[in-house]
Amino acid sequence: MIETNHITYESLLLGNKNWVEKTLQENPDYFEKLASGQKPPILWIGCSDSRVPANQVTGTLPGEIFVHRNIANVIAHNDLNMLSVLDYAVNVLKVNHVIINGHYGCGGVAAAMSDKQFGLIDNWLRNIKDVYRIHKEEVDAIQDEEAKIKRMVDLNVIEGVHKLSATAIVQNAWAKGQDLQLHGWVLDLNTGLIKDLEVSCTSNVSFDKVFKIA
Ligand code: ZN
């Protein structure tokens with residue numbers, strides 16, 4: 001586990017000052033540029049887990065990725081927070097890529113696959129149990145417990161991409177000819193490497209009629 005005993009709220013403020021100093025040494029007009037606006041080409045939807053920060057794991061900087069994170073990178077159609085981020089990203093920032101990034105070792109997915117009560121969060125984790133219901137046959141056929149949960153991490157991302165593609169926000173963008181690609185990725189905490197699940201989606205052409213709303 002990462003050692004965090006040295007982290008206090010004061011140390012964060014000191015860390016911020018050091019970062020500003022270092023950044024200005026390397027690039028004196030950095031904050032002038034940063035303050036003048038943003039045009040990130042990517043929306044990242046990831047897990048709140050402290051080990052998967054969008055910028056660090058992709059080697060990107062402030063201003064380069066628009067980010068939404070929640071427990072287990074769940075896509076829920078009634079999540080006004082996620083929908084607002086998606087709407088702003090697609091219709092105002094006009095991002096070209098939306099990436100759902102899951103990660104192996106996800107506590108949210110593991111909790112959803114258990115038979116225990118965790119309190120309020122059970123309502124959120126229910127979305128992941130729904131993913132299991134859809135893919136029960138495949139998941140139940142996996143004997144190894146760890147492999148089973150890993151596959152559920154994949155499937156939670158894959159279903160998330162499908163749910164995103166079913167939103168009016170995404171389909172209206174495609175109908176207008178906007179260049180918008182949806183992707184599903186998973187990061188392996190054991191290696192730090194990201195795997196592309198190759199479920200990218202660029203139009204609703206192949207969708208069943210009920211999912212084709214634009
Ligand atoms: Zn997680």
Side-chain angles (χ1 to χ4, degrees), residues 1-4 7 12 40 42-60 62 64-86 89 95 97-136 138-140 142 144-167 182-201:
M1 204 179 288
I2 298 287
E3 176 60 62
T4 55
I7 300 291
L12 296 190
I42 313 270
L43 165 61
W44 170 281
I45 300 178
C47 182
S48 298
D49 193 302
S50 62
R51 298 165 296 177
V52 279
N55 285 124
Q56 281 95 332
V57 300
T58 55
T60 51
E64 296 179 342
I65 301 188
F66 199 58
V67 174
H68 174 79
R69 291 168 73 180
N70 63 45
I71 289 175
N73 44 270
V74 161
I75 302 297
H77 288 307
N78 55 0
D79 178 1
L80 195 59
N81 186 353
M82 182 279 291
L83 290 171
S84 302
V85 170
L86 180 67
V95 299
H97 304 273
V98 180
I99 297 160
I100 302 180
N101 185 80
H103 67 103
Y104 294 141
C106 184
V109 173
M113 289 301 283
S114 82
D115 58 359
K116 295 188 180 67
Q117 255 192 47
F118 296 94
L120 177 74
I121 198 173
D122 292 331
N123 300 286
W124 186 249
L125 300 179
R126 183 56 207 266
N127 289 295
I128 303 169
K129 288 185 190 281
D130 287 345
V131 171
Y132 169 69
R133 187 164 46 79
I134 297 167
H135 298 276
K136 184 173 159 30
E138 180 193 339
V139 175
D140 283 352
I142 302 168
D144 180 69
E145 243 354 88
E146 200 188 325
K148 193 178 276 204
I149 291 177
K150 272 181 142 179
R151 185 57 185 154
M152 272 300 296
V153 168
D154 294 348
L155 292 168
N156 183 42
V157 170
I158 291 167
E159 286 300 323
V161 171
H162 176 72
K163 283 183 174 178
L164 275 187
S165 73
T167 60
L182 313 180
H183 311 277
W185 291 358
V186 170
L187 182 141
D188 189 339
L189 288 174
N190 286 302
T191 62
L193 291 171
I194 290 171
K195 175 174 75 177
D196 186 343
L197 293 174
E198 294 177 5
V199 290
S200 297
C201 194

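Predicted, not measured: the structure shown is a model, and the values here were computed from it. Indexing begins at 1, ligand by ligand and atom by atom, following the structure's order.
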Novice: State which residues pass side chain to side chain donor-acceptor pair (under 3.5 Å) with Glu138; sequence neighbours excluded, sorted by chain then number.
Specialist: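 Arg151.
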Novice: For the pair Arg126 and Asp122, find out whether any cationic side-chain nitrogen is under 4.0 Å from an anionic carboxylate oxygen.
Specialist: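 Salt bridge: no.
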Novice: Taking the side chain as everything from C-beta on, heavy atoms only, tell me whether Leu189 gets closer than 4.5 Å to Val52.
Specialist: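 Result yes, sub-4.5 Å side-chain heavy-atom pair found.
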Novice: Can you give me the closest heavy-atom contact between Ile45 and Asn73, atom names plus distance?
Specialist: O-CB, 4.1 Å
Novice: Only counting residues at least two apart or in another chain, list the ones meeting ring pair (Phe, Tyr, Trp, His ring centres under 6.0 Å) with Tyr104.
Specialist: none
Novice: Around the Zn ion (ligand 1), how many protein N, O or S atoms are closer than 2.8 Å?
Specialist: 3
Novice: Mind checking ring pair (Phe, Tyr, Trp, His ring centres under 6.0 Å) for His162 and listing every partner two or more places apart, or none if nothing turns up?
Specialist: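 His162 satisfies ring pair (Phe, Tyr, Trp, His ring centres under 6.0 Å) with Phe211 once adjacent residues are dropped.
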